[in-house]
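Residue numbers run from 1 in the order of the sequence given.
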Amino acid sequence: MILKGILYSSIAGMATSLGALPFLFLKPHRTSDKTIDSFLGFAAGVMIAASAFSLVAPALEMGGIIRFIVGFALGGLFVNLADKLIPHKHLLKGHEGPDAKRLKGIWLFVIAITIHNFPEGMAVGISAFTPQALSIAIAIGVQNIPEGAAVMASLIPMKYKKGKAFLITFLTGLVEAIGGLLGAGIVSISQRLLPYMMAFAAGAMIYVVSDEVIPETHSKGNELLSTWWIMVGFIVMASLDVALG
């Protein structure tokens with residue numbers, strides 16, 4: 001199951017590179033804010049649906065309301081503390097965390113991506129112990145494609161060379177593989193931890209969507225457009241969940 005978790009999270013994580021790949025062959029130019037916000041909106045919709053159907057529902061069924069509340073709250077708290085304690089740089093918010101100005105910009109971006117995507121990798125790794133494994137891996141992979149495109153499109157206008165921007169985007173995939181290893185490893189210690197960990201992953205992802213992704217898409221006057229793309233992403237993931245059983 002651990003190997004399954006690592007494999008699924010690696011495949012899902014590498015999907016970010018698919019979104020970034022076309023930018024290596026295009027002439028450098030500024031991608032419109034509407035396009036980026038559409039990408040991020042779709043990714044947010046998929047993440048919300050994946051959390052609700054493939055993580056929250058099974059966690060409640062397996063562990064009940066108390067275990068769900070504990071795990072879900074700890075997931076949000078984990079990301080909140082990471083945001084406060086680890087220096088990083090969001091595309092929108094700028095420098096955050098202690099001593100952020102002492103680090104080079106590329107490392108701040110890498111750390112921000114780690115905070116953002118680590119819970120996604122954990123979700124895939126944890127799901128290796130459940131019937132929802134394939135649907136979660138596909139969901140995270142699907143949302144990683146436009147998310148990778150959005151990151152690449154945001155970095156190029158900031159004077160990052162194509163190769164370096166692609167490397168940063170590629171690292172998001174590597175981060176998810178590490179998250180998958182940790183998630184699967186923790187659950188392998190005891191199956192009793194599974195409902196807690198599924199709720200934890202859901203709480204972390206919902207926190208990221210609410211705290212970072214949606215505010216990002218609503219910062220440039222594209223609220224309505226990004227909201228509809230959130231709806232589309234949710235529909236796509238809900239349909240995949242039904243189709244995959």
Side-chain angles (χ1 to χ4, degrees), residues 3-32 35-47 50 88-92 104-125 127-128 133-184 201 204-205 208-209 212-213 216-217 229 232-233 236-237 240:
L3 291 176
K4 183 179 178 181
I6 297 172
L7 176 62
Y8 276 23
S9 59
S10 297
I11 294 174
M14 290 303 104
T16 56
S17 299
L18 294 179
L21 195 60
F23 290 87
L24 292 176
F25 306 99
L26 298 174
K27 292 183 178 180
H29 68 285
R30 178 177 175 81
T31 304
S32 71
T35 300
I36 294 175
D37 289 342
S38 298
F39 286 156
L40 291 176
F42 179 85
V46 172
M47 289 175 70
H88 58 285
K89 183 177 182 180
H90 292 293
L91 294 176
L92 170 66
K104 292 184 178 180
I106 185 172
W107 291 112
L108 291 169
F109 274 118
V110 170
I111 296 171
I113 291 167
T114 300
I115 296 171
H116 183 133
N117 285 350
F118 192 76
E120 296 177 10
M122 287 190 69
V124 178
S127 71
L134 182 59
S135 62
I136 292 180
I138 291 176
I140 299 301
V142 167
Q143 70 91 26
N144 274 338
I145 296 174
E147 189 175 80
V151 172
M152 189 79 167
S154 299
L155 290 174
I156 289 178
M158 298 174 68
K159 307 304 181 182
Y160 282 87
K161 294 182 178 180
K162 287 184 178 181
K164 183 173 287 188
F166 186 82
L167 174 62
I168 295 173
T169 309
F170 173 80
L171 286 174
T172 65
L174 179 61
V175 166
E176 293 192 13
I178 297 171
L181 171 61
L182 180 61
M205 288 205 294
V208 166
V209 170
E212 184 178 343
V213 181
E216 180 93 25
T217 64
W229 276 106
V232 171
V236 168
M237 180 53 213
L240 283 174

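Considering all non-hydrogen atoms of both residues, A204 and P119 come closest at CB-CB, 3.4 Å. The minimum heavy-atom distance between V124 and A12, with the atom names listed, is CG2-CB, 4.5 Å. The two residues G125 and A184 have their closest heavy-atom pair at O-CB, 3.6 Å. Closest approach of L40 to V213, counting heavy atoms only: O-CG1, 3.6 Å.
Considering only heavy atoms from C-beta on, F23 stays 4.5 Å or farther from K162 through its side chain. Contact annotation: the side chain of F166 approaches that of L21 to within less than 4.5 Å [non-hydrogen atoms, C-beta and beyond].
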I140 and Y8: side chain to side chain contact (heavy atoms under 4.5 Å, CB included), yes or no, with the steps? CA-CA 10 Å; I140 299 301; Y8 276 23; over 6 Å; no
Apply side chain to side chain contact (heavy atoms under 4.5 Å, CB included) to the pair M152 and I168, showing each step before the final yes or no. CA-CA 8 Å; M152 189 79 167; I168 295 173; over 6 Å; no
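Residues meeting the side-chain contact (heavy atoms from CB on, under 4.5 Å) test with V209, sequence neighbours left out: A44, M47, I48, I214. Residues passing the side-chain contact (heavy atoms from CB on, under 4.5 Å) test with A128, sequence neighbours excluded: K4. Residues passing the side-chain contact (heavy atoms from CB on, under 4.5 Å) test with L181 are I2, I6, sequence neighbours excluded. Looking at residues two or more places apart in sequence or on another chain, you find a side-chain contact (heavy atoms from CB on, under 4.5 Å) between S135 and S54, Q132, D241, L244. Annotation: side-chain hydrogen bond (donor to acceptor under 3.5 Å, both in side chains) contacts of T16 (sequence neighbours excluded): T172.
Between the CD1 atom of I136 and the OG atom of S9 there is a distance of 12.0 Å, given to the nearest 0.5 Å. In this structure, CG in L7 is found 8.5 Å from CG in L3, a value given to the nearest 0.5 Å. Put simply, CZ on F118 and CG on L182 are 4.5 Å apart, with the number rounded to the nearest 0.5 Å. Taking CZ of F39 as the start and CD1 of I36 as the end, the distance is 8.5 Å to the nearest 0.5 Å.
Residue pairs satisfying the side chain to side chain donor-acceptor pair (under 3.5 Å) criterion with at least one member in residues 138-148, sequence neighbours excluded, are listed as follows: H116-E147, E120-Q143, N144-E176.
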